[in-house]
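Structure first, commentary second.
For clarity, every value in this text was computed on a predicted model and none was experimentally measured. Chain A is the first sequence line, chain B the second, and so forth, proteins listed ahead of strands; every chain is numbered from 1.
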Amino acid sequence: MVLLSAPRWLRSRLTDRFWRVQEVLKYARHFRGRKNRCYKLAVRSVRRAFVKSTKARREKKRFLRALWITRIEAASLEHGLKYPAFISNLLKSQVELNRKVIADLAIYEPKTFKSLAALAQRRRQEGFLAALGDGKEPEGIFSRIVHHY
Amino acid sequence: VAKTSLTSPPWPEVKLPDPVEEAKYHAEVVQKVNKMIAMGQYGRLFAVVHFASKQWKITSEDLIMMDNVLEAECGDRIRMEKVLLVGADDFTLIGRPLLGKDLVRVEATVIEKTESWPKINMRFWKRHNYQRKKIIVNPQTVLRINTIEIFPCLS
């Protein structure tokens, strides 16, 4: 005869509950308070920790770029240039170094940074002269002074 | 004409040095640097190299780790061609934007190709019964920069 349902003495019992719990607790061992020991509290903390680390990986890039910019600004002010002037003139002279490398140069290679600042300053002055032009008035326009009496 | 706030530009007046004299001075400096490179009067060279879509400031004998696969076996020598800047103690050569291949030579060797530590990517919306967990393992390559050489072909 064919038995269609399993008899009642055959049960499926969980045998590796310990290891399943350890998998979560191992990430919580360095936390403070009961959440490093108690599974129910640890699950919530570990979940939040993972989510925060995922979001932080995206914000780390923004944070580091702001740090580099602050450092470059400080270094260029030591040489008498502001950050927007420095960066824009470096780009206009076709020097394509990124902010990470310029910040490293400002820390470890001060002479090189000084030469970059001098290059940017010179390009800035050439830009001013080019903006002034000849100093003549455009054709077809005359200017006169009006006297109000 | 009366002086107003717009007669003169807001920046202080600048005078550039004489172009002829400047060209002479530039040629002198270039010759001096060329001689220094030819005599070998420089200590440790550093270079800024564009590699794996990142810029690295490197010297000889240092290690670089990139977060991707390189199609070269372990122990292969690689020449890095996009050099943006080379410098020593007394002079720097700045490329606009790159330096010539006949001027600088940067050699590196592939040391190891491994995988990164397992990074956990988790998304969770509270009160919506939504959570996704993904383990990301990136392939990594470690390079050792062997030498940076410069040749005296400035003009």
The interface call for I94(B) against chain A, heavy-atom contacts under 4.5 Å, is side chain
Okay, V51(A) and chain B: the region with an atom under 4.5 Å from a heavy atom over there is both
Given that the side chain runs from C-beta out, which part of L129(A) has a heavy atom under 4.5 Å from chain B: side chain, backbone, both or neither? side chain
So with a 6.0 Å cut-off around NZ of K101(B), is the heavy-atom count from everything else above 12? no
If you round to the nearest 0.5 Å, how far is CD1 of I111(B) from OG1 of T141(B)? 11.5 Å
Gap between atom CG of L97(A) and atom CG of L105(A) - 0.5 Å precision: 7.0 Å
Taking the side chain as C-beta and beyond, is there a heavy-atom pair between N68(B) and P139(B) under 4.5 Å? no
Are there any donor-acceptor pairs closer than 3.5 angstrom between chain B and chain A, and if so, which ones?
residue	atom	partner	partner atom	Å
E22(B)	OE1	R122(A)	NH2	3.1
E22(B)	OE2	R122(A)	NH1	2.6
Q55(B)	O	K100(A)	NZ	3.2
Q55(B)	OE1	N98(A)	N	2.8
Q55(B)	NE2	E96(A)	O	2.9
K57(B)	NZ	E109(A)	OE2	3.3
D89(B)	O	K111(A)	NZ	3.2
D89(B)	OD1	K111(A)	NZ	2.9
R96(B)	NE	S93(A)	O	3.3
I120(B)	O	R57(A)	NH2	2.8
M122(B)	O	T54(A)	OG1	3.2
Q131(B)	OE1	R47(A)	NE	3.1

Please tell me if the side chains of P118(B) and V137(B) come closer than 4.5 Å, counting only heavy atoms from C-beta onward. yes
Side chain from CB out, backbone as N, CA, C, O: work out which of these in L98(B) comes under 4.5 Å of a heavy atom of chain A, or both, or neither. neither
Could you look at F46(B) and say if it's the side chain, the backbone, both or neither that has a heavy atom under 4.5 Å from chain A? side chain
Interface moiety of P17(B) toward chain A, non-hydrogen atoms closer than 4.5 Å: side chain
To the nearest 0.5 Å, atom CE of M122(B) lies from atom CD1 of I135(B) at 10.5 Å
So, are R79(B) and E107(B) salt-bridged, with charged N and O less than 4.0 Å apart? no
Would you mind checking which part of V48(B) comes under 4.5 Å of any heavy atom in chain A, side chain (CB onward), backbone (N, CA, C, O), both or neither? side chain
How about F151(B) and V104(B): do any of their side-chain heavy atoms sit closer than 4.5 Å? no
Determine whether T147(B) and S60(B) satisfy the following criterion, side chain to side chain contact (heavy atoms under 4.5 Å, CB included), listing intermediate values before the conclusion. CA-CA 5 Å; T147(B) 48; S60(B) 47; 5.6 Å; no
